[in-house]
Amino acid sequence: MTRLVIIGAGGHGKVIADTASCTHRWSEIVFLDDRYTQGLTQTSVWSVIGNSNAYRPLLQSDDAVLIGIGNNTIREKILHEMMSLQLHVPHLIHPSAYVSNTVQIGAGTVIFAQAAINVDAQIGKGCIINTSASVDHDCVLDDFCHISPGAHLAGGTKIGARSWVGVGAVTKQLVEIGDDCMVGAGAAVVQNVYNESIVMGVPARMKS
Ligand SMILES: CC(=O)SCCNC(=O)CCNC(=O)[C@H](O)C(C)(C)COP(=O)(O)OP(=O)(O)OC[C@H]1O[C@@H](n2cnc3c(N)ncnc32)[C@H](O)[C@@H]1OP(=O)(O)O
């Protein structure tokens, strides 16, 4: 078993740590966080061992690394740094999640408790499938997107890179959401959404 180092000790990082501890895959779980320099040495039951900006001397070659940062663009930047250093970036699945054996999952993607991912879905790198979200058959999620708690993607939905589907939002089957989009909490997306759009409401419309 190796050590898991999580970069970012905020709420999302803690859910990663909690999920990781449920898997019993890691000998130790520790955090790096910018607030270490202000005296943060503990978050919940886990130690913060250093500053995330000075990670290089703190990381061991056999560590596994995950990024505990909810912002999709920042998570992308840091994950790419980690991968360029040839560090092991696993994916993480909570034991209570259902993930079909046919699903493809990229490095650094995390799938939290009670999520369900159905047959032939494809999920890119560094994605977050949050608590109780569902991603149905044949969905394609590009890298670094975030499906918030309780959001449901119907079959064949496509989500572009770095897009964020808000808590409790839903999509109609085969809808395509572009890159860098924001789908508001509780929205029902029934039409395609262009890149960099913010949509909200039922049915979802562009934010004016
Ligand atoms: C584990 C976790 O916690 S994961 C985190 C999950 N978080 C989320 O899902 C948050 C999703 N974010 C939202 O829904 C946001 O409200 C957004 C992105 C849609 C809009 O945010 P902002 O641009 O800051 O909009 P703002 O809060 O200023 O509201 C603007 C107007 O839109 C309305 N509005 C905001 N969000 C929504 C929404 N989801 N649905 C319908 N209307 C909304 C507001 O009531 C307001 O209306 P008004 O002008 O009539 O008063």
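Atoms within each ligand, like the ligands themselves, are counted from 1 in listed order. Worth saying up front: this structure is predicted, and the values here are computed from it rather than measured. Every heavy atom of this structure was used, including side-chain atoms; hydrogens, water molecules and symmetry mates were not.
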A.B. asks: Please determine, by modelled atom types, if H88 and D63 share a side-chain donor-acceptor pair under 3.5 angstrom.
C.D. replies: no
A.B. asks: Are S134 and H152 close enough that a side-chain donor and a side-chain acceptor fall under 3.5 Å?
C.D. replies: yes
A.B. asks: Within a 6.0 Å radius of atom CD on Q191, are there more than 12 heavy atoms belonging to other residues, nucleotides or ligands?
C.D. replies: no
A.B. asks: If you have a sec, work out which protein heavy atom is nearest atom 11 (C) of ligand 1 and how many Å separate them, to one decimal?
C.D. replies: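 Answer for atom 11 (C) of ligand 1: M182 CE, 3.5 Å.
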A.B. asks: So which protein heavy atom does atom 9 (O) of ligand 1 come closest to, and at what separation?
C.D. replies: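 So the nearest neighbour among protein heavy atoms is V167 N, 2.7 Å.
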A.B. asks: Please report whether atom 28 (O) of ligand 1 has a protein non-hydrogen atom at a separation of less than 4.0 Å.
C.D. replies: no
A.B. asks: Could you tell me the residue and atom name of the protein heavy atom closest to atom 5 (C) of ligand 1, and the distance to it rounded to 0.1 Å?
C.D. replies: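 The answer is W164 CZ2, 3.9 Å.
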A.B. asks: How about atom 7 (N) of ligand 1: does it have a protein heavy atom within less than 4.0 Å?
C.D. replies: yes
A.B. asks: OH of Y55: more than 12 outside heavy atoms within 6.0 angstrom?
C.D. replies: yes
A.B. asks: What residue and heavy atom of the protein are closest to atom 19 (C) of ligand 1, and at what distance?
C.D. replies: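 Sorting protein heavy atoms by distance from atom 19 (C) of ligand 1 puts G184 CA, 3.6 Å first.
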A.B. asks: Could you tell me if N118 and S100 have a donor-acceptor pair between their side chains, going purely by distance under 3.5 Å?
C.D. replies: no
A.B. asks: Determine, stepwise, if the pair D34 / S52 fulfils side-chain hydrogen bond (donor to acceptor under 3.5 Å, both in side chains).
C.D. replies: CA-CA 5 Å; D34 290 351; S52 44; 2.5 Å; yes
A.B. asks: Should we count OH of Y98 as having more than 12 external heavy atoms under 6.0 Å?
C.D. replies: yes
A.B. asks: Tell me which protein heavy atom sits closest to atom 35 (C) of ligand 1, plus the residue, atom name and distance to 0.1 Å.
C.D. replies: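 Answer for atom 35 (C) of ligand 1: M200 SD, 4.1 Å.
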A.B. asks: Is atom 49 (O) of ligand 1 less than 4.0 angstrom from some protein heavy atom?
C.D. replies: no
A.B. asks: If you scan the protein for heavy atoms around atom 23 (O) of ligand 1, do you find one that is closer than 4.0 Å?
C.D. replies: yes
A.B. asks: Walk me through it: do L153 and I147 pass the test side chain to side chain contact (heavy atoms under 4.5 Å, CB included)?
C.D. replies: CA-CA 9 Å; L153 308 184; I147 312 304; 3.8 Å; yes
A.B. asks: Would N51 and T37 count as a side-chain hydrogen bond (donor to acceptor under 3.5 Å, both in side chains) here? Give the steps.
C.D. replies: CA-CA 7 Å; N51 195 313; T37 34; 3.3 Å; yes
A.B. asks: Is atom 40 (N) of ligand 1 less than 4.0 angstrom from some protein heavy atom?
C.D. replies: yes
A.B. asks: Students should be able to answer this: which protein heavy-atom is nearest to atom 38 (C) of ligand 1, and at what distance?
C.D. replies: A185 O, 3.8 Å
A.B. asks: Looking only at protein heavy atoms, identify the closest one to atom 1 (C) of ligand 1 and say how far it is in Å.
C.D. replies: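 Answer, as residue, atom name and distance: P149 CG, 3.7 Å.
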A.B. asks: Going by atom types alone, do T2 and W26 pair a side-chain donor with an acceptor below 3.5 Å?
C.D. replies: no
A.B. asks: Evaluate the ring planes of W46 and F31, with Trp represented by its six-membered ring, and classify them as parallel (under 30°), tilted (30 to 60°) or perpendicular (over 60°).
C.D. replies: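 Answer is perpendicular, since the angle exceeds 60°.
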A.B. asks: Is atom 15 (C) of ligand 1 less than 4.0 angstrom from some protein heavy atom?
C.D. replies: no
A.B. asks: Which ligand 1 atoms are under 4.0 Å away from a heavy-atom of S148?
C.D. replies: 6 (C), 9 (O)
A.B. asks: Report the nearest protein non-hydrogen atom to atom 25 (O) of ligand 1: residue, atom name, distance rounded to 0.1 Å.
C.D. replies: K207 CE, 3.5 Å
A.B. asks: Right, does atom 46 (C) of ligand 1 have protein non-hydrogen atoms nearer than 4.0 Å?
C.D. replies: no
A.B. asks: What are the atoms of ligand 1, with element, lying closer than 4.0 Å to any heavy atom of G166?
C.D. replies: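 Near G166, the atoms of ligand 1 are 9 (O).
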